[in-house]
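Each ligand, and each atom within it, is numbered from 1 in the order the structure gives. On a predicted model such as this, the values are computed, not experimentally measured, just so you know.
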Amino acid sequence: MIEPLFDKLAIVGIGLQGSSIARGARVKGLVRRIAIADTSPDHLERAEALALGDSLHAGADAAVEDADLVILCVPVGACEDVAKLIARDLKPGAIVTDVGSVKGSVVRQMRPHLPGHVHFIPGHPVAGTEYSGPDAGFAELFENRWCILTPDETADPTAIARLTGFWRGLGANVETMTADHHDLVLAITSHVPHLIAYNIVGTAADLEEVTQSEVMKFSAGGFRDFTRIAASDPTMWRDVFLHNKEAVIEVLGRFTEDLIALQRHIRWGEADELFDLFTRTRAIRRGIIGMGQETPAPDFGRRKGS
Ligand code: NAP
């Protein structure tokens, strides 16, 4: 056990992310006390049953009192309301951060409401699953994953170093970049892939010539993998697309052009073009495995028949 990095941690939103942070911080001894706030009485009840925190609060304002580290783990669209609610109760010198999947919008929503005496350092752990709620979290979620911090040029280097230490304590690797660059990178690596999954599963569900039971019965590996992604939380993903509009539309434009090119290769039987693309994409998959961000096990490590 190491000396705790913070005395009191306040987590606002005890879902997949919040409960994983609570579990990890507890297991690794990163903080002395954890206060939890959530608007859902059911989630607070589960947090109590799972012993995720030392105090539970219906209001985020009460949870952040005296906290040295405050982490918003709510859907991106809820950040402004939470910032307004907690602003007056934040302790001078506290670090305020978040885990939202979009960064530019979170900054625009929160910055105007936060007092000048706190350190605001937005963050995004690139780690998740398609499950949500307090039962979905686990202490190892962030291990060997990347956490991106997007401090602006006015941010205090000591506060950045303290927050970096916290994420490293949870097992994550930390990188910093601007909020705008984050939003463009995540549009291509996460947001548009989710949109494609939602779209293809929606198209399959709407196909009139193929029944829904046929779609489920004959779902081959490719389609099944899309359904896993398309099962992700509707509130979270609605907010991601509404709040990262520009970068998603930019990447979707490129995607659409490339899709049309593929359609042309198929129409005209351009075998070499198809083969070359599929060879290049295979190398990307191998690169991800090589960097320890995925398992090489066949079928994503699923057991046979599962
Ligand atoms: P989640 O499991 O649905 O948890 C969110 C929790 O926040 C829920 O308990 C929700 O209650 C509560 N909540 C909503 N509005 C609130 C408010 N105004 N005040 C207090 N609590 C509130 O979601 P999650 O997957 O942990 O995602 C949380 C954040 O992490 C999102 O911003 C998301 O973009 C980001 N993120 C998610 C992933 C992922 O894979 N899931 C990965 C990286 C980052 P209700 O359910 O009753 O609304």
Chemist: Please determine, by modelled atom types, if D152 and T154 share a side-chain donor-acceptor pair under 3.5 angstrom.
Modeler: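 Yes, a side-chain donor-acceptor pair sits under 3.5 Å.
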Chemist: With ILVMFWY side chains joined below 4.5 Å, transitively, what does F275's cluster contain besides itself?
Modeler: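 Besides F275, the cluster holds no residue at all.
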Chemist: Is the shortest side-chain heavy-atom distance between Q17 and P125 below 4.5 Å?
Modeler: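 When only atoms from C-beta onward are counted, P125 and Q17 do touch, with a gap below 4.5 Å.
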Chemist: Any side-chain heavy atom of R267 sitting closer than 4.5 Å to one from Q263?
Modeler: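 Result yes, sub-4.5 Å side-chain heavy-atom pair found.
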Chemist: My understanding is that a hydrophobic cluster links ILVMFWY residues whose side chain heavy atoms are under 4.5 Å apart, including indirect links. Using that, what else belongs to the cluster containing L277?
Modeler: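 L277 clusters with L262, I266, L274, F278.
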Chemist: How is the hydrophobic cluster of I148 composed, in terms of its other members, when Ile, Leu, Val, Met, Phe, Trp and Tyr link through side-chain heavy atoms under 4.5 Å apart, directly or indirectly?
Modeler: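 Under the 4.5 Å side-chain rule, I148 groups with V126, M177, V185, L186.
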Chemist: Any idea which residues sit under 4.0 Å from ligand 1, heavy-atom distances?
Modeler: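 Those residues closer than 4.0 Å to ligand 1 by some heavy atom are V12, G13, G15, L16, Q17, D38, T39, S40, H43, C73, V74, P75, V76, A78, V82, V99, G100, S101, H124, P125, A127, G128, T129, S132, G133, M236.
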